[in-house]
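Chain letters run A, B, ... following the sequence lines, proteins first, then strands; residues in each count from 1. Side chains are part of it too, since the values below use all heavy atoms of this structure and drop only hydrogens, waters and symmetry mates.
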Amino acid sequence: MVTIDDYGEYETAWCPGCGNFSILKAVKQALVASRLEPHQVLFVSGIGQAAKAPHYLNANVFNGLHGRSLPVATGAKLANPKLAVIVESGDGCNYGEGGNHFLAAIRRNIDVTLLVHNNQVYGLTKGQASPTTAEGFVTKAQPEGVFSMPFNPIAVAVAMHAGFVARGFSGMIDHLSNLIQQGIAHRGLALIDVLQPCVSFNKVNTFAWYKERCEPLPPEYNPTDWQSAMKIACEWGDKIPIGIIYRNDRIAFEEHFPVLAQGPLVEQDVDGAMLKEIIEAYV
Amino acid sequence: MVTIDDYGEYETAWCPGCGNFSILKAVKQALVASRLEPHQVLFVSGIGQAAKAPHYLNANVFNGLHGRSLPVATGAKLANPKLAVIVESGDGCNYGEGGNHFLAAIRRNIDVTLLVHNNQVYGLTKGQASPTTAEGFVTKAQPEGVFSMPFNPIAVAVAMHAGFVARGFSGMIDHLSNLIQQGIAHRGLALIDVLQPCVSFNKVNTFAWYKERCEPLPPEYNPTDWQSAMKIACEWGDKIPIGIIYRNDRIAFEEHFPVLAQGPLVEQDVDGAMLKEIIEAYV
Amino acid sequence: MPESTMNILIGGEAGQGLVTLGQLLAKSLVRSGYFIAVTQGYQSRIRGGHNTFAIRVGLDEVIAPLESLDLLVALDEDTATLHQRELSADGLVVIDRAFDVDADSFLKVPFKELAHGRFSNIAALGVVGSLLGLDDALMAKTLDDFFGKKKAHLAAENRRALKAAVEWTAAHSTAWCKLPAVSNPARRFMMNGNEAIALGAISAGLKFYAFYPMTPSTSVSVNLATHAKRMGLVVEQAEDEIAAINMAIGASFAGAPSMVGTSGGGFALMVEGISLAAMTETPVVVVVAQRPGPATGLPTRTEQADLELVLYAGHGEFPRAIFAPATVEECFHLTRKAFELAERFQTPIFLLTDQFLADSYRTVRPFDVENLSPVHVGAHAPESSPYLRFAITESGISLRLLPGMSEHLVVADSDEHTEDGHITEDLSIRTQMVEKRLRKEGWIGSLVVPPEMQGDEVPDLLLVSWGSSKGAVEETAWRLRSAKQRVATLHFSQVWPLRPEEFMRHLESARQVVSVEGNALGQLSRLIRRETGFEIKKQVLRYDGLPLTPESILRELNYGNH
Amino acid sequence: MPESTMNILIGGEAGQGLVTLGQLLAKSLVRSGYFIAVTQGYQSRIRGGHNTFAIRVGLDEVIAPLESLDLLVALDEDTATLHQRELSADGLVVIDRAFDVDADSFLKVPFKELAHGRFSNIAALGVVGSLLGLDDALMAKTLDDFFGKKKAHLAAENRRALKAAVEWTAAHSTAWCKLPAVSNPARRFMMNGNEAIALGAISAGLKFYAFYPMTPSTSVSVNLATHAKRMGLVVEQAEDEIAAINMAIGASFAGAPSMVGTSGGGFALMVEGISLAAMTETPVVVVVAQRPGPATGLPTRTEQADLELVLYAGHGEFPRAIFAPATVEECFHLTRKAFELAERFQTPIFLLTDQFLADSYRTVRPFDVENLSPVHVGAHAPESSPYLRFAITESGISLRLLPGMSEHLVVADSDEHTEDGHITEDLSIRTQMVEKRLRKEGWIGSLVVPPEMQGDEVPDLLLVSWGSSKGAVEETAWRLRSAKQRVATLHFSQVWPLRPEEFMRHLESARQVVSVEGNALGQLSRLIRRETGFEIKKQVLRYDGLPLTPESILRELNYGNH
Ligand SMILES: Cc1ncc(C[n+]2csc(CCOP(=O)(O)OP(=O)(O)O)c2C)c(N)n1
Ligand SMILES: Cc1ncc(C[n+]2csc(CCOP(=O)(O)OP(=O)(O)O)c2C)c(N)n1
Ligand code: SF4
Ligand code: SF4
Ligand SMILES: [Mg+2]
Ligand SMILES: [Mg+2]
């Protein structure tokens, strides 16, 4: 049986008090609860503070470019559908630089768990606005405050009929861990947007700020009802709903490829006879 | 008074019967109705069949890279807010290669009219699937049919509270022309997704197919009601609603910059005294 | 043997079935035992405009396109007007009787009647095939094969048009000369560059391919998509080129031999990803089919102006190899070699082709399919832990395990990393890792495809070329030699790395060295000078969007009309 | 005069106020009349780790960083451990008394008490300033200016800590030597490379700037954002680098002098946009602040390995210029020159800097602000129509009108185009347009900043360098000359185009030529050989993420410890 110790414990480069620590803990718990062993899991990340997370546990890791974790994860999943693939990266990475891949991953519904550490700021580059930063938020790069409307990943994902759309909060580890576990179990893209205080650069959306607002959806909430999901997706104010906001059972992308039912591509030989037949057709 | 003749008449490189001809006509009508003279208008396009449209009328034109018309248009509008800036390009250009800019333009709410010739296919490159191609649609590049769910630009734009969201049909020129005129008049990003038959590569969503389904929204429809807009945005089947689906009065992006109230940046001198003061602060 | 070829150009508007006609005629020629080389010229539009499909045919291998025409098949009036001046002395124009143009050399055919108002292109096939002396039955079979079962309903009608045309030609036979017959034609393929790349890749073990459509690379993608289901490939159209290269890297990391295909502008978007592949030491093969730039340029034409872009693509410093196939056969074999190098050296490897070669159908001798082994991916898991993905070795190559395929954990990072793949800011490890990666370049260099020298060892004139221009340059040299000049050629089918010891003596022993390139800056010349100090002072450069031809080269060399 | 400098290194964790301390000390030194050169070393994290802020100070211009330390200010124990071996014979370590480390050379200060448990960094300023002999009042004023009105509430507390520290130092004054006093210090700026670029750009008329944050370029963006409102600039953080370059192109097309700033990986994403700017002949200035690659590499360190990337970025062929400022002054002036060239030649112009220079504060002599005229944008509308945006001219430069600013229509296309800017597939126009664009390169070449030669005309050793390594190389030469060697330096602050006639004789007359570069492949050497054939056989290369120093160069030259 896999235990939390199998996932190790490492020194990090994060600031003391950062919300990332709790997310890391929740991830480990979820992996254990999912009975996954380290070598069965592939973490793909981009660049940013959040993107360092996979370095701090035992697993396969591909820490790629800023904004590009979803395509890498998609490729890896399509090469080896047996891997449990988890993307872990920041709000800037996934909704900023990587916005186009976010849309495409939802459309594909590739079986990847997408964990976005959403601290509403670019942490690693020292506090510029991210796509989820609130209007009016002042930074050194936005001295007059942010002019753009914040990106609502949940609303866009629900509008696009993503297969699994959830919001968590780093301050509620068990709740979050459970969401991640369900996300991993879900066949298809599972978006989990995790509200995460950045103690160094976000002095507005602090731990206390989130704590005061985050409220788990009631047990009777039905995440398969698109209409109400769309409504919940837009709630963001004194109350911020957390939990699984929407889900459906769209077929996972990799299931469209019969070849992948046979397992990892690397294990499959080149069919010489078929190749010959194909080449001979050029006569 | 500007007339339709001021906008000229040119030979095109389009296939006979292509829906682009009608869109071109509607655009010219709308420009005339908007009392805009050719030199007051800047068309920005990408690459594709739709993107050639601005070559076929008289106006200022920047025909840039595939997928990148929105950033070019944003830069141009921010340099000269007096220009009426219209982006005209295809579904592949705007929702595929340019997906990230589509999201950012909506968030900014830059005052640009975004005209998407949506033929649900990549025309110029000979018929591969585009982001709006229906699931199961077979092409040479997708011989097993498209696996991804089509992108619904209207739903995403409404979910993101875009300022002006409309759908038109090339087969209803006057209706379309009116939408375009209203889009130009709207201060902020105006998305007009135009259903456009591609006679060469889309044998499913033909003129007849659209004609049968497209239905103008009833006069009593209230596009300022977000909830019902979200519902209408998802209608796509035997009936496809056309018209202004959603609008609000978010402030246009360029209005955040006091300097732009003074007109084009090129007309504004470098304030030498202020520069001196700034530089002297480095002492 | 260049002089004994015949050059046929079919011209017309897009949408007239010109490519179908060209392919059918080409295929019929190949099956009849001839060698062909096709040059396609088309515009960035789907209907209308002026497109061409030229077939140069001969009894021996045809290596280059030619400007001078023997037979012009004009599907519209424009074609006759535009190309008549390229017609050789006894050249013939085949044209629809309906057009109001005429000359002695015109064979005016009642296409509409022959084709009953449809399939004029099939009627043209019949006329041209008959003029050339092709067997009717062979043409009919080629027609059937082409339309296959799917379009069987068209087969009968097509055959009728063909038959009518053949009969009409027999009845109106002119004095125009047929091709010399080939007895017992050998079994050969008709294949273009992009098809050969796709097949070469599959034979090398390709399992994952990602792309975003872009002329002239798209047909690699379409070919792979066509064979995907039967060969168990995953072929995916990405949302953009950035996604394509990153998907390929992810798939390769997880064990699938992977490739992407694009052209200059799309490749420009992959530049960051190339650097990622190099840093994470992930094998990936990148096909760049060149077309004229900058920016969108001339999207359907040809050029050789992205050598430098590909050579220096990616921030930071790392090893790579660049193949530039000269022929369709080389497209096949160098693609295979690219996969081998990619897997072995765990770094991006490039195939640099162009629109001309991509679309150029050729007669190709059958491949020895049985003996084409695919690459071996990854290594066996070591017995001991911890596994060090980036172990610093003398060769620079580290044992590559695949994630999920053993209990060992595989960690890769785009940041500088320790031997176990984790992010580090230790500057002494940094130095070692830079050197480790660069050591691989030495090894790659020891395996280069050497440039090919042909002709006099001590020539008066040495013509240097790379990639698809090889044939045009060799034919130029052949012509000059026929005119008793001492001319040699030095051709590079791999443009990086270069091994000066393999070609310096050729450059130095020639009285004059001229480089012939399809670009405006002489990019190979510059590279040769960078690597050797040798300056190639004279250059024949072409950058109007058309492939180099013997005539164009001779003109620039001031040898007039050879 | 390098030997009469003093080298101070402040080390500690991120988050300890080390940069603030460094800036205050540096500013106090500049205001006291000294010249400084700062080297910042930091890690890719916000808190913790090991960061350094080194200030080399002297009476004359300080041109290079140094490894050997005279004063080590250790805000943590690690700093003492890591850097003690760099301490010169009579060097001193200033460290908190609380730490359990000791040696003769340690001055142990009760920082917590002096600062009342807060603002240890300000107490350190007091101690170090006093040791150096700085005036208390000047330090106090510098402190006030720094925290300004916004943080006035901190001012009193800070001044108390400063005062306590100054007094403590006076009481515990060691024999450690002060700096020689400067009477009547001149008014000078303290400025780093990125600040100078921002100011240079504003003075040149910059009106639009787009960026996506990326170390070490971000401070250009932040500086411009800071001044935007007062100077009437539009500064916009884009959704990605592709958007940034395309926005800048759009803004420039519409008349705003435009710039983007990024680093290697972000620049890789702009490569397609660069080609677009060239094709549409739209002026744009591109700042590339280098850091070590490939991929994410070492994001906060320095390197000079993207010369080739920038030189060949963009598919297709077109003219460009690349400036590589050597100093903060050059950052200012060459940015201005970049804007001038961009406007005049209507093509992308590059500024290639690096983390070292970007973050290196220097003492800078005041600019003559009154006489810095901004660029002139666009031309006057011609009286006659039609206006041809891309008129083919002898110089290659066409009259640039701005859309909406006259009744003339301005049309630009990324496709090949006619003189009026509309898409064309006419291949003879294509040829003319390629040549028109490339003709501009000749003109740009005639305006290059010539490389700077210093020292013996016929040296035994010629050191060749580019960009920010100039100072280290010149100081190396100076040291060798002091040791009676005949050494000269040849430095390039513009790396493209090159004009061999300006430097060939220097290369050829030296007995030995050695290039000194912050990369692993000797990229400038390769370029020089490509352009001239001259091979620089020996290279001193550094690629561990740190800037070149005189010591590191001398070590590689095997001149031991000079
Ligand atoms: C192509 C590219 N552009 C920019 C950067 C610089 N960069 C590194 S991390 C980052 C932002 C990170 O923000 P986010 O994804 O929200 O992560 P966080 O640090 O907040 O966890 C940026 C802009 C980069 N590494 N690569
Ligand atoms: C970076 C880049 N990638 C790919 C292409 C090739 N390309 C040109 S047009 C096009 C698709 C056009 O589709 P769409 O935008 O829907 O326009 P349509 O032709 O259907 O009107 C593509 C993929 C390109 N020019 N540039
Ligand atoms: S900067 Fe913010 S996100 Fe990054 S480690 Fe520190 S607290 Fe966490
Ligand atoms: S291919 Fe389709 S979109 Fe393009 S011109 Fe033809 S019909 Fe129109
Ligand atoms: Mg963030
Ligand atoms: Mg389309």
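- If you measure heavy-atom distances from B/P131 to chain A, the contacts under 4.5 Å come from both the backbone and the side chain.
- Looking at residues two or more places apart in sequence or on another chain, you find a side chain to side chain contact (heavy atoms under 4.5 Å, CB included) between A/A73 and A/V44, A/V85, A/V87, A/V112.
- Note on A/I251, A/L103, A/V158, A/V146: by heavy-atom pairs under 4.5 Å with chain B, the leading option is A/L103.
- Here CD1 of A/I110 is found 11.5 Å from CZ of B/F147. Values are rounded to the nearest 0.5 Å.
- Taking both residues in full, the closest heavy atoms of B/A159 and A/A155 are given as CB-O, 3.9 Å, listed atom of the first, atom of the second, then distance.
- Closest non-hydrogen pair, A/M230 versus B/M230, comes out as CG-CG, 3.6 Å.
- By the ring pair (Phe, Tyr, Trp, His ring centres under 6.0 Å) test, B/F201 is found to be paired with no residue, residues two or more places apart in sequence or in another chain being considered.
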Short donor-acceptor separations (under 3.5 Å), chain B to chain A:
| unit_1 | atom_1 | unit_2 | atom_2 | d |
| --- | --- | --- | --- | --- |
| B/G96 | O | A/N100 | ND2 | 2.8 |
| B/G99 | N | A/N100 | OD1 | 3.4 |
| B/N100 | OD1 | A/G99 | N | 3.4 |
| B/N100 | ND2 | A/G96 | O | 2.9 |
| B/R107 | O | A/M149 | N | 3.0 |
| B/R107 | NE | A/M149 | O | 2.7 |
| B/R107 | NH2 | A/P131 | O | 3.3 |
| B/P131 | O | A/R107 | NH2 | 3.3 |
| B/M149 | N | A/R107 | O | 3.0 |
| B/M149 | O | A/R107 | NE | 2.7 |

